[in-house]
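Read through the structure below, which is laid out as structure tokens, and then see the notes.
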Amino acid sequence: MRIESNLKWHILLILALFISLMPIVFAVSTSFKELSEAYSNVLGIIPDKPTLSNYLRIFQELPLNKITFNTLVVAATVTIFKVITSVMAAYAFVYFDFKGKNLLYFILISTIFIPFTMTMIPNYLIISQIGLRNNIMGVILPQLSDATGIFLIRQAMRSIPMPLIEAARLEAAGNFQIMANIVLPLVKPAVISTGIMFFINSWNEYVWPVLILKDTTNYTLPLALQLFVSSEGGTDFCLAMAVSVVTMIIPLGLYLIFQKYIINTFTSSGVKG
Amino acid sequence: MKKNILKAVAVGLMSAVLLTGCGKSDTGNEQAGQGEKVKIEYWHVNAETQGGKTVQELVDNFNAQSKDVEVVARYNPDMYKGLMQNLQAEAAAGKSPAVVQVGWAFLDYFSNNFSYVPPQKVVDDYFPQDKAFLQDNFLPNVMDLAKNNKGEQVGIPYSLSTPVLYINKDLLRQAGLDENGPKTWEDLIKFSDTIKEKTGKYGFYMQEPADNWAQQALLESNGARMISDGKASFASEDGIKAYQAYADMVTKTKSALHISWDQGVQSFVNGDVGMLYTTIAQRANVQKGAKFDVAAISSPAWAGKPKRLPAGGCFLAITAQDEKQQKAAWEFLKYLYSVESMAAWTKGTGYVPPRKDVADAENGLKSFLEENQMMKAATSQMDSVVPWASFPGDAGLQAEQMLLDARDKILSGDVSAHDALTQTQNQINALLK
Amino acid sequence: MKKKFGNKDVWIAYGLILPALLVFAIFMFYPFFYTVYLSFFDWNMIKPVKEFIGLANYKALFADPLMPLVIKNTVEYILILLVLNCVAPYVLAFVLSFVIKRGRGFYKGAFFLPSVISLVVGSILYLWVLNPVSGPAAILAEFLGINIPIWSKTQGLVIVVLSIITTWKIFGYNFIVIFGGVSGVPQEIIEAAKIDNVPLYKIFFDIVLPMSSATGVYIFIMTIVQGLQYVFTPVKVVTQGGPDNASSNIIYNIYQEGFVFYHTGYASAMSIVAMVLFIVLLVIEFRYVEKGIYYEN
Amino acid sequence: MKEIVFENVCKKYGKNLIIDNLNFTIKSGERLILLGASGCGKSTTLRMIAGLEDITSGNLYMNGKRVNDISSGKRNISMVFQNYALYPHMTVADNIIYGLKVQNIAKAEISSRLKAAVEMLELGGLENRKPKDLSGGQRQRVALARAVVKRSELLLLDEPLSNLDAQLRVHARKELVKIHQTYKQTFIYVTHDQVEAMTIGDRVAILDKGRLQVIDTPSNVYNKPANIFTAKFIGSPGMNIFAAAYADHFLKIGKQSVKLPEFWSAYIGKRNCREFYLGIRPEHIFLQNEKRKNSFVGVVKYVEEYGSHCGIYFDLEGHEVVASGTNTALKPGTNIYFTLDSARMHVFDKESKKNIGYPEVCYDNVYQYQSV
């Protein structure tokens, strides 16, 4: 009886998975079709006449290497900066008592709740004023003010038993030794997966770069996509899907490599004590 | 002062993240001190599916042959609206490109809000030898398209597109209809209903992007005017009748499709829709994707009435601020408007050339047009071209949005064309005051 | 009990926070206050002079006939989102934790997968996949004799589809976090209930839900916050607020007023009003989540 | 009351065989103890009865009905978990009656059962507390109360006392027996503690590596262990087992040999047992101060102090043997002389390691002493 009822659940789960993963499969499949086949053989997962021409075209017509490089620079810079500052700030919030600590933490964490749209206009003016429009630096800077890292890494640090820190302190270890030798190794999985998520999110950032970047040579990947979509000349779904696939590769790859870390960190990122 | 502090902090941050090396990508149109070439920016909206490649080729060729000007082409996403947004932001930052594409619908908004130089003024000031260039090469009615409501020549027409009717001949035959398609809107309605009845597929789709271009053709061809004397006037009897006839196809006989542009075109190319009313600029896309017998025919007219087709596409305006830049801008424009460049432009985009004699010139489009029957549908209806209605004043953009909302209301069937158009007209006129 | 490090060390703490604080000051706090400031002006971003108009923007906001619709759309969107991203992953997490035994790791990994993909990519994919006339979904539905309504032009339905697209993006994260909370309920407690012949739905409502409530509240809030962060992209790519504002919501409307119509001051006022909503959420968040309503065994 | 029959029951996790061909019957109304070291499969066996584990192959019957595919809830059983599995967000009273509420039992009935359970388990005054505000003993009693109110015919207990300290455990054992006497359910009780097993069980089933070693009364398990495993497992320290031989009325251990009493000679001789394993519990080894006729000699290794007595470990022909004694002054390396209580001697077959049984006299005269 149990086996049968489980089968029912499994069917349901597989169906849900099918729905959520199908668009990705379609994207990959369409990117290898010719335009006419994309229209005539919509459901075919394996193209009748597989072609690389979409990929060749997007790499020929767009500075896609440069665009990928830009995306990489943006994502890497944002990730490195945010991880470092988050670890530093989280450490201060967990292991120090200082005046205004709770208020400061409250204020910082509150910013998670402010949708970016709400600070978009002034940020736009700031970036314009310091001449960073159409510059990936202008894309990077506002992304740095994000408190989720502080939140997640603080959660991880709080789960380290205090006696470990106290034992180290008894042996006269300094703050930086404690941080480097005890805290960091223990929160490493959390830091890595937070970093990966930062990287992926920044990689996928769309709203802000759309406002800031002008030249195709300065584009990031999600922007490259719109070169093939919704213009007066129509949408070339095959090219759009090819760009989509290029955009997906790195986040998917990173996820598949670090899947265990990420899943475990978020599984335990729930709110305990 | 505040700016400097911000700047200092930002620079500090940059070095803090050790990225100074990566942050050196060019920051725009600061003129290179050492090079002799004047660097100007050309802003366009041509995505890769819409001639983006041709823009780059033209710019590269120009740069290769010009001794003192270097053009940087900048793509602006989200069409002319997007370009306008970016221009706004650039202006807010106290900068501006040298040459921009301005969509016809933005003519008034552009001329009211941005500083530009009428091209003839640049010519008169710096290039006396080109004095007659515009006069000689452009038809007056075409040049008029780029005049604002004060009669000032804001720019030079560059891209011209008109709506044409793409037909799925296979489907028409299957429904027992004349495979050459309808000539009038009245016929089109019958065709559409017949297709629905006989094949179960949709008969007709009229493009529904974030503008009312195609709908204007429908209304004005029936004798209505979008704007008269600076006021919205589309809710005339003719206008309402035309709109209602279109709406009835969607809501009563359900033979016409009411859907977003991309999805509508996709459905036509898939063979699920018999007739597609959209811009000639979609020609390449339709031709490449369709696996059936596809053709493009001229816009239908209302029986016994003259066609009025709004010009799509854009004109080029000079937004360069100083003399050096303005001169460079004209040099570039002159290149873009040469017969060869115009021909290349048409081939790359499907737009109709605004300049005289491009179509017939041997170094122009002669052979190209002979081979591309679809283009003929567009070039043959050039005498029906009228300006794309653009609501005047600061609220023009909002007025356009209201008209879009009215379209959705009417096509949803909840509100009659009469009510929606009248109400919207009143609202717009209140706004424009 | 935490031991204090002594006076000198306090400066280390401040020093550690400083870099984060600095970027926050420039790109979060200053813009935030500047938005407040702008909300009292009539300005379109290019005019050299900002005209001070006091509360006129706010007055106009409350008189705007569009506002009730925009708020209604926002609320509808959030409600659908909560069903799809709080309720559904809760049920899924429950099933995965306590009902089925095989394939747990696989399901977790696979359900999380779409959340690493760009939302623009997702939006375009769905625009194509869900084309109600000729997309793959429509063709599949046709086999089953179902006609997909033309959602992009249907009031209400368009919000559902937008919710589906954002759901695609945030479901995985929510699911994983909720799974953490739900699977934290000891297996033995569930077994005890099973032995007492407690039906599954009762186990869920009487035992699992209360015992994972802290996580539940956290995800409840995060769904709203992330949902509003993310909704902009699909609206912009798929519907541009249409048909007839049926898919516009407060976030997109701020963008439309600010960057399409250039009512910068008005858009700022709208941001501030939207902020009020978030402050309410914030209070709930700190009340429940930070204090913790987690039951320890 | 419920009778439970295991018929060729096996349980596998992937390739691992956890339960290997279990065949036995639990009698209706008895207190059966499942005893074994951790990992022996005793908890799995209990969970199969509860319906919490699938049965890979074989049949499980309750009252003659095959229940392999009946879900836990339908088996009408109660269970007490090792960690009690109390619902942390419910009060003591709610914890106790939650299962009843779900079954839609009448309110009056629920409250009377609750009252009875609270009284029996001395939980008065704690009804409105949450589990986190209770002591370990109190939690354990709440768990028992929850199992008791259900009045089911079968009560499963999974090491219910293992989280209690020694004193509470003694008290709780009595309580359990009291519960059984009141309600007369079938008890199935898992433990690794032989004292619990001996004191609570009507019968004890000993498992090792997924196999049932023996199922018998506590007295028989101790006094007449069916095989070497059981003999060694029960008792602390366990029974001494060493290789021995029989030849012509003589018992030979290594180079030493003594004459056996006639009843053993006849018994072993009749069974033609030449070589075998001899078992003797430490308390049945009689230590002597000097060498006598018929006594064995060993060399003292070390002495373990237990308080009331001590364990003397010595070497006997290469085997380590332990005897109970009182003389803690024995020095390692000195010789030690002893005889064996022949009535308490156990002989195991060399091949099958099974007990070959006892001569008549051993059965009847538990107190008859005859040294060897």
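Here is how names work: the chains are called A, B, and so on, in the same order as the sequence lines, proteins then strands, and each is numbered from 1.
With a 4.5 Å cut-off on non-hydrogen atoms, Leu221(A) does not touch chain C at all. Residue contact with chain C, scored on non-hydrogen atoms closer than 4.5 Å, involves the side chain of Met197(A) exclusively. Both the backbone and the side chain of Val116(C) come within contact range of chain A, judged by heavy atoms closer than 4.5 Å. Heavy-atom distances place the side chain of Leu38(C), and not its backbone, under 4.5 Å from chain A. When heavy atoms are compared at a cutoff of 4.5 Å, Ile164(C) does not approach chain A at all. For a residue to count as touching a neighbouring chain, one of its non-hydrogen atoms must lie under 4.5 Å from one of that chain's; by this rule Leu125(A) touches chain C with the side chain only. The part of Leu211(A) that comes within reach of chain C is its side chain, from C-beta onward, which places non-hydrogen atoms under 4.5 angstrom from that chain. Contact of Phe175(C) with chain A is not made at all, since no heavy-atom distance falls under 4.5 Å. For Tyr37(C), no part lies under 4.5 angstrom from a heavy atom of chain A. For a residue to count as touching a neighbouring chain, one of its non-hydrogen atoms must lie under 4.5 Å from one of that chain's; by this rule Tyr124(A) touches chain C with the side chain only. At a 4.5 Å heavy-atom cutoff, the contact between Leu92(C) and chain A is made by side-chain atoms alone. Looking at Ser134(C), only its backbone comes within 4.5 Å of chain A, counting heavy atoms on both sides. Only the side chain of Leu21(C) comes within contact range of chain A, with at least one heavy atom under 4.5 Å from a heavy atom of that chain. For Ala16(A), the parts sitting under 4.5 Å from any heavy atom of chain C are the backbone and the side chain alike. Heavy-atom distances place the side chain of Tyr126(C), and not its backbone, under 4.5 Å from chain A. Of the atoms belonging to Phe232(C), it is side-chain heavy atoms, and not backbone ones, that fall under 4.5 Å from chain A. With a 4.5 Å cut-off on non-hydrogen atoms, Ile150(A) touches chain C through its side chain but not through its backbone.
When each of Tyr255(A), Phe98(A), Tyr206(A) is scored by its heavy-atom pairs under 4.5 Å with chain C, the top score falls to Tyr255(A). For chain C, the option among Ala89(A), Ser145(A), Ser128(A) with the highest count of heavy-atom pairs below 4.5 Å is Ser145(A). Chosen from Thr247(A), Leu108(A), Leu104(A), the residue pairing most often with chain C at heavy-atom distances under 4.5 Å is Leu108(A). Contact count versus chain C (heavy atoms, under 4.5 Å) is highest, among Leu13(A), Ile200(A), Ile19(A), Asp146(A), for Leu13(A). The greatest number of non-hydrogen atom pairs below 4.5 Å with chain A, out of Ala20(C), Gly109(C), Ala93(C), Gly258(C), is found for Gly109(C). In terms of heavy-atom pairs under 4.5 angstrom with chain C, the leader among Lys82(A), Gln143(A), Lys99(A) is Lys99(A). For the set Leu113(C), Val129(C), Thr233(C), the entry with the most heavy-atom pairs within less than 4.5 Å of chain A is Leu113(C). By number of non-hydrogen pairs under 4.5 angstrom with chain C, the leading residue of Thr119(A), Thr30(A), Leu17(A), Val42(A) is Leu17(A). Chain A forms the most heavy-atom pairs under 4.5 Å with one residue out of Ser115(C), Ser271(C), Pro114(C), and that residue is Ser271(C).
Thr35(C) places none of its side-chain heavy atoms less than 4.5 Å from the side chain of Met118(A). Within the 4.5 Å cutoff, the side chain of Val10(C) has no heavy atoms near those of the Phe96(A) side chain. Side-chain atoms of Tyr107(C) and His10(A), non-hydrogen and from C-beta on, do get closer than 4.5 Å to each other. You'll find the side chain of Phe112(C) reaches within 4.5 Å of the side chain of Ile262(A), heavy atoms only. Between Ile114(A) and Met275(C), the closest side-chain pair of non-hydrogen atoms falls below 4.5 Å. Tyr34(C) places none of its side-chain heavy atoms less than 4.5 Å from the side chain of Ile126(A). Contact annotation: the side chain of Ile24(A) approaches that of Ile117(C) to within less than 4.5 Å [non-hydrogen atoms, C-beta and beyond]. Proximity of Phe176(A) to Ile12(C): side-chain heavy atoms (C-beta onward) are separated by under 4.5 Å at one or more points.
The aromatic rings of Tyr218(C) and Phe151(A) sit parallel to each other, their planes meeting at less than 30°, with 60° as the upper class boundary. Between Trp128(C) and Phe237(A), the ring planes lie tilted relative to each other; the angle falls in the 30° to 60° range.
A centroid separation of 6.0 Å or more is found between the aromatic rings of Phe266(A) and Phe179(C).
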Candidate pair Ile127(A) and Phe27(C), rule side chain to side chain contact (heavy atoms under 4.5 Å, CB included), full reasoning: CA-CA 10 Å; Ile127(A) 294 299; Phe27(C) 298 108; 4.0 Å; yes

As a quick check of understanding, evaluate side chain to side chain contact (heavy atoms under 4.5 Å, CB included) for Leu141(A) and Val23(C), giving each step before the final call. CA-CA 8 Å; Leu141(A) 286 173; Val23(C) 280; 5.8 Å; no

Is there a side chain to side chain contact (heavy atoms under 4.5 Å, CB included) between Met241(A) and Ile124(C)? Walk through the geometry before answering. CA-CA 9 Å; Met241(A) 292 306 127; Ile124(C) 288 168; 3.8 Å; yes

With side chain to side chain contact (heavy atoms under 4.5 Å, CB included) as the test, would you mind laying out the steps for Phe29(C) and Thr111(A) before giving the verdict? CA-CA 9 Å; Phe29(C) 302 137; Thr111(A) 62; 3.6 Å; yes

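Minimum heavy-atom separation, Met88(A) to Pro19(C): CE-CG, 3.5 Å. Leu21(A) and Ala110(C) get closest at one heavy-atom pair: CD2-O, 4.0 Å. Of all heavy-atom pairs between Pro222(A) and Val120(C), the closest is CB-CG2, 4.0 Å. Nearest heavy-atom pair, Trp168(C) versus Ser20(A), reported as atom, atom and distance to 0.1 Å: NE1-O, 2.6 Å.
Between atom CE of residue Met120(A) and atom CD1 of residue Ile251(C) there is a gap of 9.0 Å, rounded to the nearest 0.5 Å.
Judged purely by atom type and a 3.5 angstrom limit, Ser118(C) has no side-chain atom pairing as donor or acceptor with the backbone of Glu205(A). Asn123(A) places no side-chain N or O within 3.5 Å of a backbone atom of Pro31(C) that could act as its donor or acceptor partner.
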